[in-house]
Asks: 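Attaching a single structure in structure tokens format; questions to follow.
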Amino acid sequence: MTADAETHPEPDLSVTLDHGVGLLEMRRPPANFFDERLIGRIVDAARELDDTLDCRVLVLASEGKHFCAGADFGAGGGFDSDRVAVSERLYRRAAQLFEIRIPIIAAVQGAAVGGGLGLACAADFRVADENSRFVANFAMLGFHQGFGLSVTLPDIVGRQVAADMLLSARPVRGQEAHRIGLADRLAEPGRQREHSLAWARELASAAPLAVRSIRSTLRADLARRVAEALRHELAEQSRLWATKDCAEGIAANLERRSPIFRGE
């Protein structure tokens, strides 16, 4: 694979390689909702790049206003037929993202919400700006968090901060995200991608075998812990998806109103 080679020309994912840095760009603006197909394409592209020493660092970015608003639970989102089966397949693919051996930097513009936050937390590092928003909105949708956030979020920000984010579902904006370690670096407004690529080029200049070895030591059994968490998360989600509160939470979100939960 050569520099400036585009390896995946699909309309919803662009993958390029330039001097050791692979750029994976989601192209479903403005919200960049994901589904099983898009997560699968991201994983396949990351694994392909991971298999060559020509690529030393990955940058995960997106086109449009927001980094990723997670899964689309509206009509046509792919989750209305068999939400549990679709999510099980999606999580099986998502777990493979944690097996990538090279560093990943997420360039987070706008919002990273729900599963989109999970996708950002699958990366080693996150670059944001003061207008970025990180939202674990699951409790306001009426169901359990997913995408491995039960492991990744406490690992990144600590148990207490993770509990606050998950239970309150409040948005954490750029400055606070940087203070608590959720955003590793703050870029100038709108410059997340440029900052991420520059950082990636710095990392790509290090000895690639050493980088993989160091990263493997630091991440230790993360992939195994995430795989276990995903199974538990899906079980809890499956149970709560059947509740009236969840139906209300999702409906309220789609209708842009405050939900009324009754514990049913």
Side-chain angles (χ1 to χ4, degrees), residues 12 26 28-40 42 62 64-95 97 108 110-122 133-154 159 161-173 182 226-264:
D12 55 2
M26 294 177 284
R28 290 184 176 180
N32 288 293
F33 287 111
F34 64 62
D35 54 17
E36 175 190 356
R37 183 178 65 177
L38 180 56
I39 293 299
I42 291 171
S62 54
K65 184 177 181 180
H66 299 293
F67 173 74
C68 180
D72 184 3
F73 288 102
F79 291 85
D80 47 354
S81 56
D82 190 342
R83 189 177 296 167
V84 175
V86 171
S87 297
E88 183 177 17
R89 293 194 300 269
L90 189 154
Y91 284 167
R92 191 180 306 123
R93 296 292 270 150
L97 190 58
V108 181
V113 181
L117 174 63
L119 182 58
C121 288
R133 290 182 292 120
F134 299 84
V135 191
N137 65 335
F138 304 93
M140 292 302 291
L141 293 173
F143 61 92
H144 193 281
Q145 69 271 11
F147 216 102
L149 279 167
S150 303
V151 169
T152 57
L153 192 58
R159 181 182 295 273
V161 175
D164 174 35
M165 290 183 63
L166 289 165
L167 295 175
S168 71
R170 67 180 182 86
V172 173
R173 297 187 180 274
L182 185 53
V226 167
E228 292 177 357
L230 284 167
R231 288 190 287 271
H232 173 76
E233 288 171 347
L234 181 59
E236 287 300 298
Q237 287 179 333
S238 301
R239 179 175 66 84
L240 292 171
W241 279 332
T243 65
K244 293 180 180 179
D245 272 357
C246 181
E248 165 65 9
I250 292 175
N253 179 265
L254 294 173
E255 296 165 10
R256 298 185 180 277
R257 61 175 174 83
S258 297
I260 300 174
F261 295 123
R262 305 184 184 279
E264 300 176 347

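All residue numbers in this chain count up from 1 along the given sequence. This structure is a prediction, so every number in the text was calculated from the model and none was measured.
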Asks: Would you call Glu248 and Arg257 a salt bridge, using N to O less than 4.0 angstrom?
Replies: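 Yes.
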Asks: Are any non-hydrogen side-chain atoms of Ser238 and Glu88 less than 4.5 angstrom apart?
Replies: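 Sidechains of Glu88 and Ser238: no contact.
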Asks: Test Leu119 against Met26 for side-chain contact (heavy atoms from CB on, under 4.5 Å), laying out the working first.
Replies: CA-CA 12 Å; Leu119 182 58; Met26 294 177 284; 3.9 Å; yes
Asks: Taking all non-hydrogen atoms of both residues, which atom of Cys68 and which atom of Phe34 are closest, and how far apart?
Replies: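 Looking at all heavy atoms of both residues, the closest pair is SG-CD2, 3.5 Å.
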Asks: Looking at Asn137, Leu149, Leu182, which hits side chain to side chain contact (heavy atoms under 4.5 Å, CB included) with Met165?
Replies: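 Among Asn137, Leu149, Leu182, the one meeting side chain to side chain contact (heavy atoms under 4.5 Å, CB included) with Met165 is Leu182.
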Asks: Do Gln145 and Leu153 have side chains that approach each other closer than 4.5 Å (heavy atoms only, starting at C-beta)?
Replies: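 No. Closest side-chain heavy atoms not under 4.5 Å.
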Asks: When you compare the side chain of Gln237 with that of Arg83, does any pair of heavy atoms fall below 4.5 Å?
Replies: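 Contact flag for Arg83/Gln237 side chains = no.
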Asks: Shortest non-hydrogen contact from Ala169 to Val135?
Replies: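 So the minimum-distance heavy-atom pair works out to O-CG1, 3.6 Å.
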Asks: Do the non-hydrogen side-chain atoms of Arg231 and Tyr91 ever get within less than 4.5 Å of each other?
Replies: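 A side-chain contact under 4.5 Å is absent here.
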Asks: Looking only at atom types and distance, does a side-chain atom of Arg93 sit under 3.5 Å from a main-chain N or O of Ile39, one as donor and one as acceptor?
Replies: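 No, the answer is negative, given that no donor and acceptor are paired below the 3.5 Å cut-off.
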Asks: Between Glu264 and Arg262, is the closest basic N to carboxylate O distance under 4.0 Å?
Replies: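 No.
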Asks: Restricting to non-hydrogen atoms, name the atom on Met140 and the atom on Pro259 that form the minimum distance, rounded to 0.1 Å.
Replies: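 Heavy atoms of Met140 and Pro259 come nearest at CE-CG, 3.6 Å.
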Asks: Quick check for you: to the nearest 0.5 Å, what is the distance between Leu38 atom CG and Phe33 atom CZ?
Replies: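 Here the rounded value is 12.5 Å.
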Asks: For a side-chain contact (heavy atoms from CB on, under 4.5 Å) check, start with the C-alpha distance between Arg92 and Arg89, then their side-chain angles and the critical distance, and finish with the verdict.
Replies: CA-CA 5 Å; Arg92 191 180 306 123; Arg89 293 194 300 269; 3.9 Å; yes
Asks: Which heavy atom of Phe67 sits nearest a heavy atom of Gly116, and at what distance?
Replies: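 In this case the closest contact between Phe67 and Gly116 is CE2-O, 3.6 Å.
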Asks: If you define the side chain from C-beta out and look only at heavy atoms, does anything of Arg28 sit under 4.5 Å from Asp35?
Replies: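 The answer is yes, as the side chains (C-beta and beyond) meet within the 4.5 Å cut-off.
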Asks: Is any side-chain heavy atom of Asp164 closer than 4.5 Å to one of Arg170?
Replies: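 Yes. Closest side-chain heavy atoms under 4.5 Å.
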Asks: What's the shortest heavy-atom distance between Phe261 and Asp245, and which atoms?
Replies: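 Minimum heavy-atom separation between Phe261 and Asp245: CE2-O, 3.2 Å.
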Asks: State, to 0.1 Å, how close Ala120 and Val108 come at their nearest heavy-atom pair, and which atoms those are.
Replies: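 So the minimum-distance heavy-atom pair works out to CB-CG2, 4.2 Å.
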Asks: Looking at side-chain heavy atoms only, is the closest gap between His66 and Arg133 below 4.5 Å?
Replies: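 Yes - at least one pair of side-chain heavy atoms lies under 4.5 Å apart.
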Asks: Taking the side chain as every heavy atom from C-beta outward, state whether Thr152 and Phe147 have any atom pair closer than 4.5 Å.
Replies: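 Side chain of Thr152 against side chain of Phe147, heavy atoms only: no contact under 4.5 Å found.
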